[in-house]
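Here's the structure we're looking at; comments come further down.
Worth knowing before you read on, the calculation uses all heavy atoms, side chains too, and leaves out hydrogens, waters and symmetry mates. Below, chain A is the first sequence line, B the second, and so on; all start at residue 1.
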There are 2 protein chains.
Amino acid sequence: MYAVSAAQTRSANPDLRPHIRSSADPELMDVPPELDAAMTFTRWRREEDCAALLTDGGLCWVVSGIIRKCAVHESGQRRIVDLIMPGDFFALGPADARTFSFQAVTEGTVTARLTQRNLNRFITENPGVYCMFYRLACNVIARLEEQLLVQGRTTAAEKIAAYLLLMSTRLSGAQDGAVVLPVSRYDIADHLGIAVETVSRAITELRRAGLIHLDGPRRIEMTDARGMQRKADGAR
Amino acid sequence: MYAVSAAQTRSANPDLRPHIRSSADPELMDVPPELDAAMTFTRWRREEDCAALLTDGGLCWVVSGIIRKCAVHESGQRRIVDLIMPGDFFALGPADARTFSFQAVTEGTVTARLTQRNLNRFITENPGVYCMFYRLACNVIARLEEQLLVQGRTTAAEKIAAYLLLMSTRLSGAQDGAVVLPVSRYDIADHLGIAVETVSRAITELRRAGLIHLDGPRRIEMTDARGMQRKADGAR
DNA sequence: CGTTGCCTTGACCAGCATCAAGGAGCGTGG
DNA sequence: CCACGCTCCTTGATGCTGGTCAAGGCAACG
């Protein structure tokens with residue numbers, strides 16, 4: 001077992017509760033109050049491993065902050081398969097325990113957890129909740145498919161452009177304006193399957209082309225959303 | 001609406017019924033007989049577009065054969081995001097209709113379809129079925145994550161090795177023995193985001209290295225499963 | 001003030017996309 | 001029966017892209 005370093009509140013915390021809303025699909029995450037009361041909230045430090053949340057087969061939501069789902073190859077290479085943001089849910093499949101690990105990306109990430117026991121107890125009384133789980137799972141599917149499309153672009157600049165657009169929609173709901181990247185260049189590299197240096201170069205290329213404007217390494221303004229879209233789609 | 005060219009049997013066909021089993025998780029797809037009776041079966045010709053199945057928001061299973069889920073970019077490039085095999089289910093998300101299309105890959109692919117209407121009717125009487133949907137959706141998630149890991153490899157040979165191993169497990173349940181690829185080199189290329197020529201060259205490279213043996217272009221024997229795994233993991 | 005993590009740039013070379021060509025298998029029609 | 005067109009697969013030549021190694025800047029932090 002993993003020793004969780006932060007305090008856990010055993011019941012619903014009114015401070016945290018309202019944040020459990022999917023930005024992509026606000027109406028979706030209407031967690032029934034009964035379910036809410038059965039959840040355990042946890043706050044995580046940066047880079048802290050939170051896989052222990054899921055070892056018993058329970059479910060988990062990100063309330064605030066970011067969680068990343070990683071796989072580490074034999075060769076030592078790390079691959080990020082998913083970035084889990086506020087409102088998103090995640091669970092550990094039967095085969096996942098061996099391949100995947102979870103870490104908090106941002107300091108003070110808060111998760112809401114539903115243990116297998118509480119889940120079972122709740123489900124027997126209220127089987128309709130699976131409908132919500134089904135829809136949440138479909139959201140994950142849509143997210144992974146988008147990620148596959150981003151990784152499927154040919155050049156690095158296209159990948160980065162598509163990635164920034166995707167991040168922009170996921171973080172703010174819009175594809176223009178400014179994004180504050182919650183992840184480092186290293187994380188982006190491992191998420192896209194390219195080298196850090198290439199990430200850096202591609203961002204510089206987009207900046208030189210006048211498609212984005214940097215305000216520090218993390219804050220990126222999309223000065224030309226249309227152009228970014230064309231770039232992402234591999235227009236020549 | 002799309003004119004479906006093949007005959008449809010309105011009720012459960014005893015010939016087709018037993019095939020609706022997931023090879024990956026046999027116990028999972030125990031479709032309740034009541035649900036089975038509400039399904040519509042369709043047989044598709046090769047390359048036939050079967051997106052019309054899903055426009056009403058219903059669900060679909062592949063009974064036999066293969067369905068591919070594609071996205072086509074502005075630039076005309078095609079990307080395959082998923083290969084759907086017997087026992088797997090698929091549905092059309094709200095945003096999917098614009099981006100994705102579905103086609104039968106193999107001649108005579110059979111699908112089982114549950115219309116939105118039948119689904120609704122059935123669900124009100126039996127809400128527990130969503131549990132099955134949830135688990136099926138989790139299977140899709142696991143599949144997409146594996147695909148992301150395959151695409152995340154660095155060199156083309158690693159990608160192809162990982163892809164062949166994955167195909168092998170998905171088609172036969174084992175990682176050794178022979179695989180008969182249900183897809184063309186072009187499909188593999190569009191699934192991995194690399195050029196056809198590179199696919200061909202990578203397969204030749206694996207053959208020359210003694211890791212596989214070709215018996216015609218589609219039938220591939222894994223003569224050295226261990227070596228394939230090492231190759232896929234980027235061992236040097 | 002040194003250390004550490006993160007980001008950027010340069011130089012170099014392997015690997016892949018691209019263009020081009022040719023072969024194998026197959027169904028169609030003469 | 002063969003000629004033809006078609007799709008699919010393979011191989012070669014070439015130029016560009018990105019991985020790798022190396023170095024340096026910058027900010028936060030002890």
Side-chain angles (χ1 to χ4, degrees), chain A residues 45-47 68 73 75-80 103 105-107 151-161 163-164 180-209 212-220 231 234 236, chain B residues 45-47 68 73 75-80 103 105-107 151-161 163-164 180-209 212-220 231 234 236:
Chain A
R45 291 199 320 262
R46 217 170 70 93
E47 298 295 316
R68 68 171 172 236
H73 289 190
S75 59
Q77 287 194 355
R78 183 190 65 163
R79 285 284 98 102
I80 297 178
Q103 295 105 32
V105 175
T106 56
E107 179 67 30
Q151 276 194 232
R153 316 276 160 160
T154 37
T155 73
E158 292 170 20
K159 287 182 195 181
I160 293 291
Y163 190 77
L164 291 179
V180 177
L181 293 177
V183 289
S184 72
R185 301 282 191 265
Y186 288 87
D187 285 333
I188 298 177
D190 289 349
H191 202 179
L192 293 178
I194 57 183
V196 208
E197 296 93 330
T198 309
V199 174
S200 190
R201 272 188 262 267
I203 290 180
T204 323
E205 181 187 332
L206 295 177
R207 182 171 54 73
R208 295 231 174 95
I212 57 175
H213 177 255
L214 292 187
D215 192 15
R218 294 296 184 97
R219 190 183 148 83
I220 297 185
K231 186 73 178 178
R236 41 209 68 259
Chain B
R45 291 200 319 261
R46 215 169 72 93
E47 297 294 316
R68 68 172 171 235
H73 290 190
S75 59
Q77 287 194 355
R78 183 189 66 164
R79 285 283 99 103
I80 297 177
Q103 294 105 32
V105 175
T106 56
E107 179 68 29
Q151 276 192 232
R153 315 278 160 159
T154 38
T155 73
E158 291 170 20
K159 288 183 194 180
I160 293 292
Y163 190 77
L164 291 178
V180 177
L181 292 178
V183 290
S184 71
R185 301 283 191 265
Y186 288 86
D187 284 332
I188 298 176
D190 289 349
H191 202 178
L192 293 178
I194 57 182
V196 207
E197 296 93 329
T198 309
V199 173
S200 189
R201 272 187 260 266
I203 291 179
T204 321
E205 182 187 331
L206 295 177
R207 182 170 54 75
R208 294 232 175 94
I212 57 175
H213 177 255
L214 293 188
D215 193 14
R218 295 295 185 97
R219 189 183 150 83
I220 297 184
K231 185 73 178 178
R236 43 208 69 260

Does a side-chain N or O of A/T154 approach OP1 or OP2 of D/dT17 to a distance below 4.0 Å, or not? no

For a quick test of reading the model: is some side-chain N or O of A/R185 closer than 4.0 Å to OP1 or OP2 of C/dG5? no

To the nearest Å, give me how far apart OH (B/Y186) and C1' (D/dC6) are. 12 Å

Assign a letter to each nucleotide of nucleotides 23-30 of chain D from its 5' end: B, base within under 4.0 Å of a protein heavy atom; S, sugar-phosphate only; -, no contact. --------

How close or far is atom P of D/dT11 from atom CD of B/E205, stated in whole angstroms? 12 Å

What is the distance from CD1 of A/I203 to P of C/dC7, rounded to the nearest Å? 9 Å

Non-hydrogen side-chain atoms of B/L164 and B/L181 separated by less than 4.5 Å: yes

Not counting sequence neighbours, which residues clear side-chain contact (heavy atoms from CB on, under 4.5 Å) with A/Q103? List them please. A/D49, A/R68, A/C70, A/S101

note: B/E47, atom CD; D/dC6, atom P; distance rounded to Å ~ 17 Å

Contacts of type side-chain contact (heavy atoms from CB on, under 4.5 Å), residue B/E107, not counting sequence neighbours: B/R45, B/R46

Identify the two heavy atoms, one from B/V105 and one from B/P182, that lie closest to each other, and give their separation to 0.1 Å. CG1-O, 3.4 Å

Can you tell me how far P of C/dA17 sits from CD of B/Q77, to the nearest Å? 10 Å

Spacing between B/L181 atom CG and D/dT7 atom P, to the nearest angstrom: 21 Å

Quick one: pull up CD in A/Q151 and CZ in A/R153 and give me the separation to the nearest 0.5 Å. 11.5 Å

Non-hydrogen side-chain atoms of A/R207 and A/I220 separated by less than 4.5 Å: no

Whole-Å distance, A/R153 CZ to D/dG18 C1', equals 18 Å

Which residues pass the side-chain contact (heavy atoms from CB on, under 4.5 Å) test with A/E197, not counting sequence neighbours? A/A195, A/R201

Give the angle between the helix axes at the two ends of the helix from C/dC1-D/dG30 to C/dG30-D/dC1, taking five base pairs at each end and rounding to 10°. 20°

With the threshold set at 4.0 Å, does a side-chain nitrogen-carboxylate oxygen contact exist between B/D190 and B/R185? no

Just by distance, do the side chain of A/R79 and the backbone of B/G152 share a donor-acceptor pair under 3.5 Å? yes

Without decimals, in angstroms, what is the distance between A/R201 CZ and D/dG19 C1'? 9 Å

Using a 4.0 Å cut-off on heavy atoms, which residues in residues 187-199 of chain A reach DNA chain D? List them by number, or say none. A/I194, A/A195, A/E197, A/T198

Could you measure the distance from the CG atom of B/L214 to the CZ atom of B/R219? Nearest 0.5 Å is fine. 11.0 Å

Which nucleotide in D/dG18, D/dC8, C/dT8 has an atom nearest any side-chain atom of A/S200: C/dT8

CD1 (B/I203) and OG1 (B/T198) are apart, to the nearest 0.5 Å, by 11.0 Å

